[in-house]
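Notes follow the structure.
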There are 2 protein chains.
Amino acid sequence: MKKDDSTEEKILAAARKVFTAKGMAGARMQDIADEAGINKALLHYYFRNKEQLFENIFKKLSQGFWQQISQVFDSEEALFKKIESFCSMYIEKVIHNPYIPLFIMHELNQRPVNFVKKMFNDNPPNPNRLVMQIQAEVKAGNIRPIAPQQLIMNMISMCVLPFIGKPMFMSVMNVDEKTFNDLMQKRKTEVPEFIINSIKK
Amino acid sequence: MKKDDSTEEKILAAARKVFTAKGMAGARMQDIADEAGINKALLHYYFRNKEQLFENIFKKLSQGFWQQISQVFDSEEALFKKIESFCSMYIEKVIHNPYIPLFIMHELNQRPVNFVKKMFNDNPPNPNRLVMQIQAEVKAGNIRPIAPQQLIMNMISMCVLPFIGKPMFMSVMNVDEKTFNDLMQKRKTEVPEFIINSIKK
DNA sequence: GTCTATAACTCGATAGAC
DNA sequence: GTCTATCGAGTTATAGAC
């Protein structure tokens, strides 16, 4: 039997879908059971309770979320190239998983501050390499002076927020689904261009 | 009796606090009653049910959210000045109401697409004036070519996302509350500077 | 492992006294 | 208007048959 067909995998896929769409508080075990094509009792057989099922999903998602970021942050690429790689990779990823960032941020805001740290206790993401790279480019006079933290926040913000605010943007800008998707596709090159134009000398 | 001391006002203030922190699904009528210093039955006396109380809060918040944006978007200022006004006004506002954007976006993502439109049926926000202003500046050759929608998304993204992702940024960048707040204060000038550097010729 | 049935509990809502 | 007490629907979780 393929791994994806196992009951456990079906539950995890269903739970991921329901939790990311409705959040922990809004999700019902019944919804997850229905989505997985099984009954509620089986959920408790595989995962003792709702909390454990949630944590399983949440930990996996948030670690994956940052693992991919860290890979780019730590790569050997030059700064401008790295900015391009990050934005296109990241926007592409979020196009295919539009609910994940809002889900993670909503759930993190419900929990104590050190919950994030606990989540990454084995492998905490850290942007040090990118920070030092930015500082070096500033020092070398290749880009204008800017605080690395601010630049990194700007980059992540522009990649992620349009998806989190999709319903609002669609309504306010009066665009349909297709037009919105086109705009997002274009952002894969627009955002890095915007950033590089701002920091280059 | 001052308006703020009336029971209705106490309920609204409590509901706002609890709903924005926990979301509609996560909020309990008991939490709101406790926060307001009254009992559950009184909530139902003033607002028939949870849904009506929620809609009251949500409508007020989301309209206020956009009303302030629209004011700046429609002002008579020149483009660069307008960008500065928007960012400093907006970041300042979110510093004092850090939960609101995440709350609004989370709730909007739970509801049908035309829920947003229904919310603004009387006074839909529209960025047309700013869009035309950007187009004019591009045409006049005062700024480099850029799609107005992309520029507007960039601006809003950089103002809002750091607050939505606060727990994550704090953990990943390893900064404490005070340092985070300092970074946000600086963003009131950093963000417009970042944008203008990118689009100016 | 998977199901049905149901226990145990949470929570929104109402009844009714004051 | 405000409170206490309680109902009843909906949910998580468990028991027990297969």
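Chain A is the first sequence line, chain B the second, and so forth, proteins listed ahead of strands; every chain is numbered from 1.
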A:Lys201 atom NZ, over 12 foreign heavy atoms within 6.0 Å: yes
Here the distance between atom C1' of D:dG10 and atom NZ of A:Lys22, to the nearest Å, is 14 Å
B:Asn39 side chain N/O closer than 4.0 Å to the phosphate oxygens (OP1, OP2) of D:dT2? no
Measure from CZ on B:Phe47 to C1' on C:dA13 and round the result to the nearest Å. 16 Å
Starting from the 5' end of DNA chain D, give me the residue, A:Arg28 or A:Arg48, whose nearest nucleotide shows up first. A:Arg28
Under 4.0 Å between a side-chain N/O of A:Tyr45 and OP1 or OP2 of C:dT2, yes or no? no
Closest to the A:Lys50 side chain, choosing from C:dG1, D:dT12, D:dA15: D:dT12
To the nearest Å, how far apart are B:Leu43 CG and C:dT14 P? 13 Å
Whole angstrom value for the distance that separates P of D:dG8 from CG of B:Asn49: 19 Å
Euclidean distance, atom CG of residue B:Asp34 to atom P of D:dC3 [Å, nearest integer]: 12 Å
State plainly whether the residues A:Arg129 and A:Glu76 are in salt-bridge range, i.e. N to O under 4.0 Å. yes
Quick note, A:Met29 side chain, CB onward, closest among D:dA13, C:dG12, D:dG1 is D:dA13
Nucleotide D:dT14, atom P - distance to CG of A:Leu42 in whole Å: 14 Å
Does A:His44 make a side-chain N or O approach to OP1 or OP2 of D:dA13 shorter than 4.0 Å? yes
Can you tell me the distance, in whole Å, between the OH atom of B:Tyr46 and the P atom of C:dT14? 17 Å
Any idea how A:His106 and B:His106 line up, ring-wise: parallel (<30°), tilted (30 to 60°), or perpendicular (>60°)? parallel
Nearest whole angstrom, please: distance from the P of C:dT14 to the NZ of B:Lys40. 12 Å
At 4.0 Å (heavy atoms only), tell me whether A:Ala27 reaches a base, stays on the sugar-phosphate, or touches nothing. sugar-phosphate
State the CG-CE distance between A:Leu161 and B:Met158, to the nearest 0.5 angstrom. 11.0 Å
Strictly by modelled atom types, are A:Asn197 and A:Lys200 linked by a side-chain donor-acceptor pair under 3.5 Å? yes
